[in-house]
Amino acid sequence: MNHVADVSSMQPLLLQLLQGKNLLDAKKLDALRKAQVKDPCPLEQLLVKLGMVDDRDIAVAYSEYLASPLFDPPADVIDLNKDLGRVLPEKLCRDQMLVPVEIQDGTLDVAFITPDAMLIADELQLLTGLNIRPVIAPISVVERMLEVLYRNGAVSGDFAGAPESFGETSEPEPEKDQGNDSGDDEILNLDQPPPPGQNGKIIRMVNQILEQALRTGASDIHLEPFEDECKIRLRIDGSLQELVPPSRSLFIPIVSRFKILAKMDIAEKRMPQDGAIALRTGEKRIDLRVNTVPTVYGEKMVMRILDKGAIPIELTGLGFDERQSTDLIESIKMPHGLMLVTGPTGSGKSTTLYACLNLLNEADTNICTVEDPVEYKFKGMNQVQVKSQVGLTFASALRAFLRQDPDIIMVGEVRDQETAQICLKAALTGHFVLSTIHTNDALSAVSRLQDMGVEPFLLASTLRVLEAQRLIRRLCKDCKQPYDIDADTATRNGLEPGTKLFKPKGCNTCRGSGYKGRLGVFEVIRITAKMGNLIQGRAPLPKLRESAREQGMKLLADNALDKVRMGLTSLEEALTVCMAEE
């Protein structure tokens, strides 16, 4: 530090250190500034590339400034234990230009080339369960060591040392009757106790968050940073409920732990990331879809809980009434045509599609799906994950499917005109196509597709069934209270005067909310000849709804009120669906 002439200078730290050692003069600095305009590589590498200083000079300058050990063995003396390559992931080491050097007495020496790279030392400690001692090394030394440890893929790029340190198992997942899950995933075992110490404390807190989410039946976990606090919230029965938060200082280690489990880059905090976690509790396998996004106070993380065992594999288990089930089953068993499922995000559209596909999944049927993301994996289905960054979109996958001799095609979502046109083309050429589209109700999908440029005569000839759905809260069986509704309110809301209704009260079972669980409200519109003629004639939406009701089909509002009459939900909950239809 004594070599720095002016620590408050606006020049980068490295230039100050090198000037203090008389290794850079004004002429070299001028040449460096000109080179930086043309070459945006890191300053350390640029200085070496231009031949202004040796990489060892840089390492010595940093080592003296930080009072950190210098690691600079001769080129012919590097003799590393190959097992060190399993301590840290190869991608992390190459991206951050660091390398594990030695493990001794629970301490891992890690060689860095810059002080900035040392900022992830805490994450490395959480990742390995070892104390981290940073050392400084020349760039060439780190590069040579990386080649020694990871040459020719001798060590897997995945982190292989973490499971033992973190109380996880890497055993293959036994194959299940309904699933097609890979046995190569690392499975987090929530039943295994975490190790002692500070790292064990973080792991224990993470496991408690997961256990509480599973115990309460949450669909999502939110981890949110704020200026001087953080929040952990669970989405239970459609509503966010807050947990007792940890201290703000523990938020980053907790997020880092989740990122490690999801195989995400713990050093990348400026860009959104996606990952996945597989965990087991008892005999149950649960998958989590993980996403992070940078906010002004740090990374926010949301995890969607995907419990394959909770998917009803039969349509009757979803809550359709007898007429709706009949219309839906008969429609999807047609040899060709188009089925569209509509509803907002989180309304269970994917569950309905999977239940339909499960019904159609026979040995003599070729089913192809393109999804974003593939939430559940099933045997007998060829499932494709959208990867827009490499050009694999819904449209491009669909075009490929048509050359794969499919019988049934499932498209995650009709997002644009191109995807809509290919879906209709597939439905016209002997395939049955299932997909989703974002509209308020089933028949609004007709208007939406027409807005995309689809001709009405094509819709009339290809559409077989339109289905809309919502999820509303179910009244708690232990505390719901009956009451009599007045005649005016009943008539105004389409109920018969004197109808016995139920309202929420609140108890320990439902955590005081009066509701426990959710149920589906559905609208199944079968495209009959009469409906097809109206669509071809560009009939307005109210006319289509009127025709559907005349043919005995129940709209969302009708189905919601049926659930009220059955005592399954409250009138207030049902009105949220009625207002959405209006």
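The first residue of the sequence shown is numbered 1, and numbering continues consecutively from there. No hydrogens, no waters, no symmetry mates; every other heavy atom, side chains included, goes into these values.
- Between Leu279 and the choices Leu214, Ile305, Leu261, the side chain to side chain contact (heavy atoms under 4.5 Å, CB included) rule is met once, by Leu214.
- Expressed to the nearest 0.5 Å, how far CG of Asp237 lies from NZ of Lys516 amounts to 7.5 Å.
- Listed for the Asn382 side chain is a donor-acceptor partner under 3.5 Å among the backbone atoms of Ile367.
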Using the salt bridge (charged side-chain N to carboxylate O under 4.0 Å, His left out) rule, take Glu268 and Lys259 through it: C-alpha gap first, then chi angles, then the decisive distance, then the call.
CA-CA 10 Å; Glu268 178 56 74; Lys259 290 174 73 173; over 6 Å; no

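- Contact annotation: the side chain of Ile221 approaches that of Leu210 to within less than 4.5 Å [non-hydrogen atoms, C-beta and beyond].
- Of the N and O atoms on the side chains of Glu44 and Tyr62, at least one donor lies less than 3.5 Å from an acceptor on the other residue.
- Formation of a donor-acceptor pair under 3.5 Å by the Ser63 side chain with backbone atoms of Ser68 is found in this model.
- In this structure the side chain of Phe258 reaches within 4.5 angstrom of the side chain of Val206, judged on heavy atoms.
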Could you check Val255 against Leu223 for side-chain contact (heavy atoms from CB on, under 4.5 Å), going step by step and ending with a plain yes or no?
CA-CA 8 Å; Val255 170; Leu223 282 74; 4.2 Å; yes

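- Put simply, the side chain of Arg257 does not reach to within 4.5 Å of the side chain of Met205, judged on heavy atoms.
- Qualifying side-chain contact (heavy atoms from CB on, under 4.5 Å) partners for Asp54, counting only residues two or more places apart in sequence or in other chains: Arg56, Asp57.
- A 4.5 Å side-chain heavy-atom check between Asn131 and Leu108 finds every atom pair outside the cut-off.
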Determine, stepwise, if the pair Leu88 / Cys93 fulfils side-chain contact (heavy atoms from CB on, under 4.5 Å).
CA-CA 7 Å; Leu88 293 174; Cys93 292; 3.7 Å; yes

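- Rounded to the nearest 0.5 Å, atoms CG (Asn207) and CG (Leu190) are 5.0 Å apart.
- For the atom pair OG1 of Thr351 and CG of Leu471, the computed distance is 8.0 Å after rounding to the nearest 0.5 Å.
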Derivation and outcome, side-chain contact (heavy atoms from CB on, under 4.5 Å), residues Cys368 and Phe401:
CA-CA 7 Å; Cys368 299; Phe401 281 170; 3.8 Å; yes

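- Here Glu299 does not pair with Arg270 in a salt bridge; the nearest charged N to carboxylate O distance is not below 4.0 Å.
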Is there a side-chain contact (heavy atoms from CB on, under 4.5 Å) between Leu250 and Ile202? Walk through the geometry before answering.
CA-CA 8 Å; Leu250 293 176; Ile202 300 299; 3.7 Å; yes

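- At least one side-chain heavy atom of Asp25 sits under 4.5 Å from a side-chain heavy atom of Lys28.
- Here the NZ atom belonging to Lys231 is positioned 10.0 Å from the CG atom belonging to Leu240, to the nearest 0.5 angstrom.
- A salt bridge links Asp287 and Arg285; the closest N-O separation between the charged side-chain nitrogens and carboxylate oxygens is under 4.0 Å.
- Interatomic distance, CD1 of Ile409 versus CD of Gln404, reported as 10.0 Å (0.5 Å rounding).
- You'll find the side chain of Ile260 reaches within 4.5 Å of the side chain of Ile266, heavy atoms only.
- For Glu90 and Arg94, the salt-bridge test passes: some basic side-chain N is under 4.0 Å from an acidic carboxylate O.
- When only modelled atom types and interatomic distance are considered, Gln383 and Glu371 share a side-chain donor-acceptor pair under 3.5 Å.
- You'll find the side chain of Thr419 reaches within 4.5 Å of the side chain of Val411, heavy atoms only.
- When side chains are defined from C-beta on, Val110 does not count as touching Arg133, because their heavy atoms never get closer than 4.5 Å.
- Using a distance-only test at 3.5 Å, with no hydrogens or angles considered, no donor-acceptor pair links the side chain of Gln241 to the main chain of Arg233.
- Here the straight-line distance linking atom CG of Leu234 with atom OG of Ser239 works out to 12.0 Å at 0.5 Å rounding.
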Between Arg415 and Asp372, does the salt bridge (charged side-chain N to carboxylate O under 4.0 Å, His left out) criterion hold? Intermediate values first, please.
CA-CA 12 Å; Arg415 294 179 178 174; Asp372 185 20; 3.4 Å; yes

